[in-house]
Amino acid sequence: MRKKLRLTKINYLVIFFLILISLSTVYWFVVKHQEAVSQELTEEYMELTTRDSETILDRAKFITNRDGQVDIAVLGSSVTRGKGATNKQPVWGERLEQRLNRDEEIKAKVWNKGYNGYSTTDLLTQKKVIETIDSKPDIIIFELCLINNNRFPQNDVSLTKEELIGIMNQFQEALPNTLVILTTANPTIYNEIYLDKGTLTYDQYNDEVSTFVQKQGWNFIDIYSLMSEEIANSNHTLEYYLDDAVHPNGEGYRLWYKLLDERLNKPLSSLK
């Protein structure tokens with residue numbers, strides 16, 4: 001009797017493991033099929049769109065249609081994190097999520113990967129670039145951390161260029177189908193000031209890096225220059241848009257996002 005019970009248990013275990021193996025095999029084939037279909041759709045989309053015609057909204061709509069949701073990582077420093085923002089006037093990344101989700105063809109989630117006080121060196125040494133890659137976003141908007149690269153102490157601009165090349169190489173190698181947009185940050189009261197042991201002003205630093213980024217052919221929005229122009233043509237001083245010497249207040253983030261929003265439906269080749 002006991003022997004019969006043992007055989008019955010063994011039979012049940014064998015059946016259980018066979019079912020488990022079968023389900024695992026089916027799941028594996030389903031996942032592989034979905035990955036193949038996704039890759040095929042992506043390749044087809046890439047063939048139909050070029051940098052001369054594709055917009056950020058085009059990519060967001062395509063990913064939503066393909067996957068059900070577009071995941072966007074905004075990577076950078078405290079002005080990406082949202083220091084100085086308010087609940088009523090949030091940081092630009094949160095405004096982007098709100099705007100995209102108002103479009104009936106888009107469902108978006110924006111993941112805030114801004115880090116207070118971080119330079120490009122910090123993003124690399126603290127493995128924040130790898131963390132961003134591991135989250136597998138469909139779109140990355142990378143605020144270049146130039147406020148911090150420029151101050152206390154100032155990173156040599158050649159080092160900043162090397163680090164940007166390294167970061168972009170990591171993105172392109174690990175996430176070849178991810179759309180990456182680079183952006184400068186807001187103007188500050190240090191625009192024309194040489195900080196302690198600095199060889200460039202913040203304005204000069206932005207100009208040098210912006211010229212370099214454009215020469216690489218990377219997708220780029222020069223928020224620093226755009227905001228500076230808008231403020232110069234407004235009835236307000238720079239301080240009106242700042243919470244302190246560096247960080248935007250709610251009005252500053254509103255202006256930052258307005259300039260970003262104006263470029264969501266522009267071809268990537270015409271971004272500036």
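Scope of the values below: all heavy atoms of this structure, side chains included, with no hydrogens, waters or symmetry mates.
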Open item on the list: Within the 4.5 Å heavy-atom criterion, are I72 and D138 side-chain neighbours or not?
Closed with: no
Task: Atom of A108, atom of E97 and distance for their closest heavy-atom approach - done: O-CG, 3.8 Å
- [ ] Would you confirm whether Q216, through its side chain, and W218, through its main-chain N or O, come within 3.5 Å as a donor-acceptor pair?
- [x] no
Task: 4.5 Å side-chain heavy-atom contact, P90 and R95 - done: yes
- [ ] Kindly give the heavy-atom pair with the smallest separation between V110 and G93, and that separation in Å.
- [x] CG1-O, 3.7 Å
Task: CG on N149 to CG on L159, rounded to 0.5 Å - done: 7.5 Å
TODO: Using the side-chain contact (heavy atoms from CB on, under 4.5 Å) rule, take I181 and L268 through it: C-alpha gap first, then chi angles, then the decisive distance, then the call.
DONE: CA-CA 9 Å; I181 311 288; L268 299 176; 4.0 Å; yes
Open item on the list: Checking I141 against L75 for the side-chain contact (heavy atoms from CB on, under 4.5 Å) test, could you report, in this order, the C-alpha distance in whole Å, the side-chain angles of both residues, the deciding distance, and whether it holds?
Closed with: CA-CA 6 Å; I141 302 179; L75 174 67; over 6 Å; no
Task: Side chain to side chain, V180 and M168, heavy atoms closer than 4.5 Å - done: yes
Task: Exam field: side chain S77 to backbone N116, donor-acceptor pair closer than 3.5 Å - done: no
Open item on the list: I'd like to know if the side chain of N101 and the backbone of Q98 have a donor-acceptor N/O pair within less than 3.5 Å.
Closed with: no
Open item on the list: Do L200 and Q154 make a side-chain contact, defined as non-hydrogen atoms from C-beta onward lying under 4.5 Å apart?
Closed with: yes
- [ ] Dump the intermediate steps for side-chain contact (heavy atoms from CB on, under 4.5 Å) on L164 and F142, then the final yes or no.
- [x] CA-CA 10 Å; L164 291 180; F142 173 27; 3.8 Å; yes
TODO: Would you kindly say whether S119 and D122 are connected by a side-chain donor-acceptor distance under 3.5 Å?
DONE: yes
TODO: Can you see which heavy atom on I147 is nearest to which on A185, and at what distance?
DONE: CD1-CB, 4.0 Å
TODO: Taking only Lys NZ, Arg NE, NH1 and NH2, and the carboxylate oxygens of Asp or Glu, determine whether K127 and E131 approach each other closer than 4.0 Å.
DONE: no
Open item on the list: Quick one, I231 and L255 - any side-chain contact, counting heavy atoms below 4.5 Å?
Closed with: yes
Task: OG1 on T178 to CD1 on I63, rounded to 0.5 Å - done: 8.0 Å
Open item on the list: Check this for me: K161, atom NZ, are more than 12 non-hydrogen atoms of other residues, nucleotides or ligands nearer than 6.0 Å?
Closed with: yes
Task: Electrostatic pair R99:D261 at N-O distance under 4.0 angstrom - done: yes
Task: Candidate pair I106 and L57, rule side-chain contact (heavy atoms from CB on, under 4.5 Å), full reasoning - done: CA-CA 8 Å; I106 299 173; L57 285 183; 3.9 Å; yes
Task: Test item: N155 side-chain N/O and N150 main-chain N/O as donor-acceptor pair under 3.5 Å - done: no
Open item on the list: To the closest 0.5 Å, what do you measure between CD1 (I223) and OG1 (T184)?
Closed with: 6.5 Å
Open item on the list: Please find the pair of heavy atoms, one from A60 and one from I139, that lie closest to each other, and give the distance.
Closed with: N-CD1, 4.4 Å
- [ ] Determine yes or no for a side-chain-to-main-chain donor-acceptor pair under 3.5 angstrom, with T86 supplying the side chain and Q89 the backbone.
- [x] yes
Task: Pair Q69-D71, side-chain donor/acceptor within less than 3.5 Å - done: yes
Task: I140 vs L175 side-chain heavy atoms within contact, under 4.5 Å - done: yes
Task: Straight-line distance of S270 OG to N219 CG, nearest 0.5 Å - done: 10.5 Å
Task: Within one Ile-Leu-Val-Met-Phe-Trp-Tyr cluster: V91 and Y240, side-chain cutoff 4.5 Å - done: yes
Open item on the list: For W111, does the six-membered ring have the charged nitrogen or CZ of K109 within the cation-pi criterion, i.e. under 6.0 angstrom from the centroid and within 45° of the normal?
Closed with: yes
TODO: Consider only side-chain heavy atoms of I, L, V, M, F, W and Y, link residues closer than 4.5 Å, and tell whether I193 and L238 are in one cluster.
DONE: yes
Open item on the list: Tell me whether D222 contacts the main-chain N or O of K272 through its side chain, where contact means a donor paired with an acceptor under 3.5 Å.
Closed with: no
Task: Distance-minimising heavy-atom pair for L123 and G76 - done: CD2-O, 4.2 Å
- [ ] For the pair R59 (side chain) and T55 (backbone), establish whether a donor and an acceptor sit closer than 3.5 Å, ignoring hydrogens and angles.
- [x] no
Task: Pairwise distance OG1(T80) to CD(E143) - rounded to 0.5 angstrom - done: 3.5 Å
TODO: Indicate yes or no: at least one non-hydrogen side-chain atom of Y241 is less than 4.5 angstrom from one of P187.
DONE: no
Task: Partner residues of Y202 under the ring-ring contact (aromatic ring centres under 6.0 Å, His included) criterion, sequence neighbours left out - done: Y224
TODO: Count the heavy atoms of every other residue, nucleotide or ligand shown that sit under 6.0 Å from NZ of K61, and state whether that count exceeds 12.
DONE: yes
Open item on the list: Check whether N191 reaches the backbone of T201 with its side chain - one donor and one acceptor, N or O, closer than 3.5 Å.
Closed with: no
Open item on the list: Tell me whether N169 at atom CG has more than 12 heavy atoms from other residues, nucleotides or ligands lying less than 6.0 Å away.
Closed with: yes
TODO: Please name the pair of heavy atoms, one in V209 and one in V157, separated by the smallest distance, quoted to 0.1 Å.
DONE: CG2-CG2, 3.9 Å
TODO: State whether the side chain of D103 and the backbone N or O of E105 hold a donor-acceptor pair below 3.5 Å, judged by distance alone.
DONE: yes
Open item on the list: If I take atom CG from residue D67 and atom NZ from residue K107, how far apart are they, to the nearest 0.5 angstrom?
Closed with: 12.0 Å
TODO: Classify the angle between the aromatic ring planes of Y115 and Y118 as parallel (below 30°), tilted (30 to 60°) or perpendicular (above 60°).
DONE: tilted
Open item on the list: Just so I know, are the side chains of L260 and W92 near enough to count as touching, which here means a heavy-atom distance under 4.5 Å?
Closed with: yes
- [ ] Go through T160 and Y205 one step at a time and tell me if the side chain to side chain donor-acceptor pair (under 3.5 Å) criterion holds.
- [x] CA-CA 10 Å; T160 294; Y205 207 95; 2.6 Å; yes
- [ ] Verify the cluster assignment for V213 and I165: are they in a single hydrophobic cluster under the rule of side-chain heavy atoms below 4.5 Å apart?
- [x] yes
Open item on the list: Quick one: does any side-chain atom of E163 pair with a main-chain N or O of T121 as donor and acceptor, under 3.5 Å?
Closed with: yes
